[in-house]
Amino acid sequence: MTQKNGGRQHSSVILDGDERAPGRAMLRAVGFGDEDFSKSQIGIASTWSMVTPCNMHIDELARAAAAGVDQAGGKSVIFNTITVSDGISMGTPGMRYSLVSREVIADSIETVAGAQGFDGLVAIGGCDKNMPGCAMAMARLDRPAIFVYGGTIKPGAERRDIVSVFEAVGQRAQGSLSDEAFKEVECTAIPGPGSCGGMYTANTMASAIEALGLSLPNSSAQDAISEHKQADCSNAGQAILNLIDKDIRPSKILTQEAFENAITVVIALSGSTNAVLHLLAISHCAGVDLRLDDFTRIGENVPVLADVKPSGRYLMSELIEIGGIQPLMKMLLDRGLLHGDCLTVTGKTLAENLAQVQPYPEKQDIVRTFADPLKKTSHLEILYGNLAPTGAVAKLTGKEGLQFTGTAKVYDSEEAALQAILNGDVVKNDVVVIRYEGPQGGPGMREMLSPTSAIIGKGLGQDVALITDGRFSGGSHGFVVGHVTPEAAVGGPIAIIQNGDEISINAETRELNLNVSDEEVQQRLAAWVAPKPPARGVLAKYARSVSSASTGAITDADL
């Protein structure tokens with residue numbers, strides 16, 4: 001493919017004319033030749049890092065994408081942004097920086113692309129927060145852009161993954177796992193590069209971004225170490241020049257209908273609750289008025305079809321073996337559940353991309369038919385009530401039941417709750433309340449994978465509920481409700497729950513209630529004292545600027 005004229009809207013400002021000679025001189029030092037200054041400049045945003053297996057291979061993928069750009073007649077420039085590991089920091093103070101990193105990543109990509117005058121962008125992400133961070137930056141910049149998923153990890157021994165290790169902690173505390181077996185799980189669960197293997201947040205968001213139209217078809221459903229993923233990167237590098245030629249920018253792709261497509265695919269895949277948070281944030285950057293209640297509206301008509309972990313049986317690599325998510329999207333389109341006229345980064349519509357997709361093999365039980373769904377409506381339930389006046393998000397597949405009433409056991413931090421669970425203080429019919437873990441209160445809205453995994457590991461998954469103003473890893477399952485808003489740190493009702501209070505969760509009526517009188521609630525709120533926020537540093541800045549989880553925990557809401 002040869003590039004047409006006129007693809008240098010931004011780079012020409014940086015590079016053209018005698019007065020820009022100093023800039024050209026600096027670029028010559030990093031490998032530019034005379035001919036490169038007349039080409040479209042494409043930034044390759046790499047989230048490579050050795051802090052996590054999710055991203056350890058992305059330097060190679062970035063080089064493949066850069067080669068695709070150069071072969072297509074553009075000039076690639078690789079640059080890095082940060083990433084942090086949720087899996088490593090989970091259950092520690094370090095996890096407070098996870099959601100913060102989404103904003104840092106979005107800000108840094110926007111900053112580099114804006115400063116350097118890139119005409120287009122290919123961003124490669126491979127962990128929970130850097131993927132929505134990439135998409136947020138693309139939406140803000142509104143320059144031709146493609147997202148490439150770094151790919152999923154291969155299964156460990158005995159089909160283990162990272163959640164197997166977290167749940168082994170609970171099994172160890174229960175006494176049902178020997179020292180030797182515990183060590184074996186630890187040593188065999190993560191065999192190499194790639195994002196966590198179930199339909200956790202990474203694979204969920206990769207699928208959602210593809211459904212939005214920001215990735216090439218099937219980018220979300222490829223193993224991290226595979227020829228398919230290498231080709232995906234090279235193809236993205238070539239495709240970005242086509243987007244520049246046709247002036248196809250994120251604002252033409254990220255419509256209300258595109259976000260509805262993403263929500264539909266997330267539901268059908270039994271995806272992570274984090275998709276709610278991240279899609280709200282991406283839509284804000286795109287200027288699309290997506291709201292919590294849109295998830296309820298769409299979810300009433302979309303069934304859960306994929307029997308995938310954590311609540312199901314299969315890993316992403318096994319879904320890949322039968323065709324990935326493209327056949328599922330074709331099923332949804334044919335059922336009238338997707339907007340087929342949405343534009344995508346191929347330059348074609350979603351329906352055109354799916355026209356030749358073949359159905360799943362007949363003898364597979366990973367993706368159900370519409371006649372035999374895992375759940376007839378969405379597993380993502382938006383709850384309201386006197387404990388969540390502005391909303392909460394539950395992930396209920398139906399296996400946990402749809403109603404739970406129990407007695408509150410209240411903890412003001414994740415660490416305190418986890419220790420109580422491991423010590424045996426949490427028993428049948430308890431509702432574990434973990435508060436002051438919201439975006440402001442954490443600060444950082446930590447994921448509660450350690451407590452939920454401990455509950456499952458101790459065999460209490462059917463008998464104990466958990467609610468929090470924090471959030472959940474995509475690996476969490478059980479009777480869990482997160483994103484409770486307003487959060488405790490700003491005086492939300494979750495702040496005044498007391499040990500022994502009765503709490504009711506009802507997914508059928510979509511309610512979350514504290515069963516005490518309105519008068520008692522008001523008396524407790526009047527006596528509540530706000531905690532002091534951090535005084536300085538990135539967490540302090542984040543706490544001062546972050547919005548409610550019900551609007552995506554964004555940091556530029558009131559600017």
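Residue indices begin at 1 and follow the sequence shown.
In summary, K458 and E167 do not engage in a salt bridge, as defined by a charged side-chain N under 4.0 Å from a carboxylate O. In this structure, R313 pairs ionically with D307, as a charged nitrogen and a carboxylate oxygen lie closer than 4.0 Å.
Side-chain contact between I554 and V546: absent, with no pair of heavy atoms (C-beta onward) separated by less than 4.5 Å. With contacts defined as side-chain heavy-atom distances shorter than 4.5 Å, the pair T273/R471 does not qualify. Side-chain contact between K309 and Y314: absent, with no pair of heavy atoms (C-beta onward) separated by less than 4.5 Å. You'll find the side chain of T204 stays beyond 4.5 Å of the side chain of L269, heavy atoms only. I497 is not listed as a side-chain neighbour of V431, based on a closest heavy-atom distance of 4.5 Å or more. Side chains of E414 and M448 form a contact here, defined as non-hydrogen atoms less than 4.5 Å apart. No side-chain heavy atom of R96 sits under 4.5 Å from any side-chain heavy atom of V100. Using a 4.5 Å cut-off on side-chain heavy atoms (C-beta onward), I105 and I82 make contact.
In this model, no donor atom of one side chain and acceptor atom of the other lie less than 3.5 Å apart for D430 and T407. Judged by distance alone, the side chains of N261 and T264 never bring a donor and an acceptor atom under 3.5 Å apart. Judged by distance alone, the side chains of T47 and T83 never bring a donor and an acceptor atom under 3.5 Å apart. T555 and S545 share no side-chain donor-acceptor pair at under 3.5 Å. A donor and an acceptor atom, one from each side chain of S108 and T81, are located under 3.5 Å apart. Inspection of the Q174 and S176 side chains reveals no N or O donor paired with an N or O acceptor under 3.5 Å. Inspection of the S272 and T201 side chains reveals an N or O donor paired with an N or O acceptor under 3.5 Å. If you check the side chains of Y200 and D128, you find no donor sitting under 3.5 Å from an acceptor.
Expressed to the nearest 0.5 Å, how far CD1 of I209 lies from OG of S215 amounts to 6.0 Å. Here the OH-OG distance, from Y149 to S219, works out to 9.5 Å after rounding to the nearest 0.5 Å. L333 CG to M331 CE: the interatomic distance, rounded to the nearest 0.5 Å, is 12.0 Å. To the nearest 0.5 Å, atoms CG (N301) and OG1 (T377) are separated by 9.5 Å. Taking CD of E257 as the reference point, atom CG of D341 lies at 7.0 Å (rounded to 0.5 Å). With rounding to the nearest 0.5 Å, the separation of CD1 in I282 from CG in L277 is 10.0 Å.
Counting heavy-atom neighbours within 6.0 Å of N499 CG, excluding the residue itself, gives a total above 12. The environment of E519 atom CD is sparse: at most 12 non-hydrogen atoms of other residues, nucleotides or ligands sit within 6.0 angstrom.
Judged by a 6.0 Å distance limit and a 45° cone about the ring axis, R335 is positioned over the six-membered ring of F370.
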**Prompt:** After noting the C-alpha distance and the side-chain angles of L292 and Y384, does the key distance pass the side chain to side chain contact (heavy atoms under 4.5 Å, CB included) rule?
**Reply:** CA-CA 11 Å; L292 271 181; Y384 293 94; 4.1 Å; yes

**Request:** Just do the salt bridge (Lys or Arg N to Asp or Glu O under 4.0 Å) check on D425 and K409 with the steps written out, would you?
**Result:** CA-CA 9 Å; D425 297 337; K409 290 272 181 72; over 6 Å; no

**Message:** Between E487 and Q440, does the side chain to side chain donor-acceptor pair (under 3.5 Å) criterion hold? Intermediate values first, please.
**Reply:** CA-CA 8 Å; E487 62 175 288; Q440 291 186 43; 4.6 Å; no

**Prompt:** E103 and K129: salt bridge (Lys or Arg N to Asp or Glu O under 4.0 Å), yes or no, with the steps?
**Reply:** CA-CA 9 Å; E103 308 305 303; K129 306 309 163 300; over 6 Å; no

**Asked** So D107 and R140, salt bridge (Lys or Arg N to Asp or Glu O under 4.0 Å) or not? Walk me through it.
**Response** CA-CA 9 Å; D107 290 351; R140 292 179 190 171; 2.8 Å; yes

**Asked** Would S98 and D86 count as a side chain to side chain donor-acceptor pair (under 3.5 Å) if you check the C-alpha gap in whole Å, the side-chain angles of each, and the deciding distance to 0.1 Å?
**Response** CA-CA 6 Å; S98 172; D86 293 0; 2.6 Å; yes

**Prompt:** salt bridge (Lys or Arg N to Asp or Glu O under 4.0 Å) between E318 and R159: does it pass, once the steps are laid out?
**Reply:** CA-CA 10 Å; E318 294 165 319; R159 298 178 65 249; 2.9 Å; yes

**Message:** One pair to check against side chain to side chain contact (heavy atoms under 4.5 Å, CB included): L305 and L374. What are the steps and the verdict?
**Reply:** CA-CA 6 Å; L305 299 177; L374 288 159; over 6 Å; no

**Asked** Going through the checks in order, is the side chain to side chain contact (heavy atoms under 4.5 Å, CB included) test met by R102 and V84?
**Response** CA-CA 9 Å; R102 186 190 74 181; V84 300; over 6 Å; no

**Message:** As a quick check of understanding, evaluate side chain to side chain contact (heavy atoms under 4.5 Å, CB included) for V484 and T468, giving each step before the final call.
**Reply:** CA-CA 6 Å; V484 174; T468 179; 6.0 Å; no

**Item:** Chi angles and distances behind the side chain to side chain donor-acceptor pair (under 3.5 Å) call for S220, E210
**Value:** CA-CA 6 Å; S220 68; E210 181 176 332; 2.7 Å; yes

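R368 contributes a side-chain N or O that, together with a main-chain N or O of D372, makes up a donor-acceptor pair within less than 3.5 Å. Of the possible donor and acceptor atoms, one in the side chain of N513 sits under 3.5 Å from a partner among the backbone N and O of N386. In this structure, the side chain of S195 does not engage the main chain of T152 through any donor-acceptor pair within 3.5 Å. In this structure, R524 contributes its side chain and I496 its backbone to a donor-acceptor pair below 3.5 Å. The closest donor-acceptor contact from the side chain of E447 to the backbone of L449 lies at 3.5 Å or more, if one exists at all.
Shown here are the side chain to side chain donor-acceptor pair (under 3.5 Å) partners of Y97, two or more places apart in sequence or in another chain: there are none. Among residues two or more places apart in sequence or in another chain, the ring pair (Phe, Tyr, Trp, His ring centres under 6.0 Å) test is passed with Y436 by none. Checked against ring pair (Phe, Tyr, Trp, His ring centres under 6.0 Å), F479 has the following partners two or more places apart in sequence or in another chain: F404.
Closest of all the heavy-atom pairs between I153 and G197 is CG2-N, 3.7 Å. Of all non-hydrogen atoms in G271 and L380, the two that sit nearest each other are O-CD2, 3.9 Å. Nearest heavy-atom pair, P439 versus A549, reported as atom, atom and distance to 0.1 Å: CG-N, 4.1 Å. Here the shortest heavy-atom pairing between A123 and M138 reads CB-CE, 3.6 Å. Residues S450 and G91 come closest through the heavy atom pair OG-CA, 3.8 Å. Scanning all heavy atoms of the two residues, the minimum distance from C342 to T255 falls at SG-OG1, 4.2 Å.
For the salt bridge (Lys or Arg N to Asp or Glu O under 4.0 Å) with R291, the qualifying choice from D289, D293, D294 is D289, the only one to do so.
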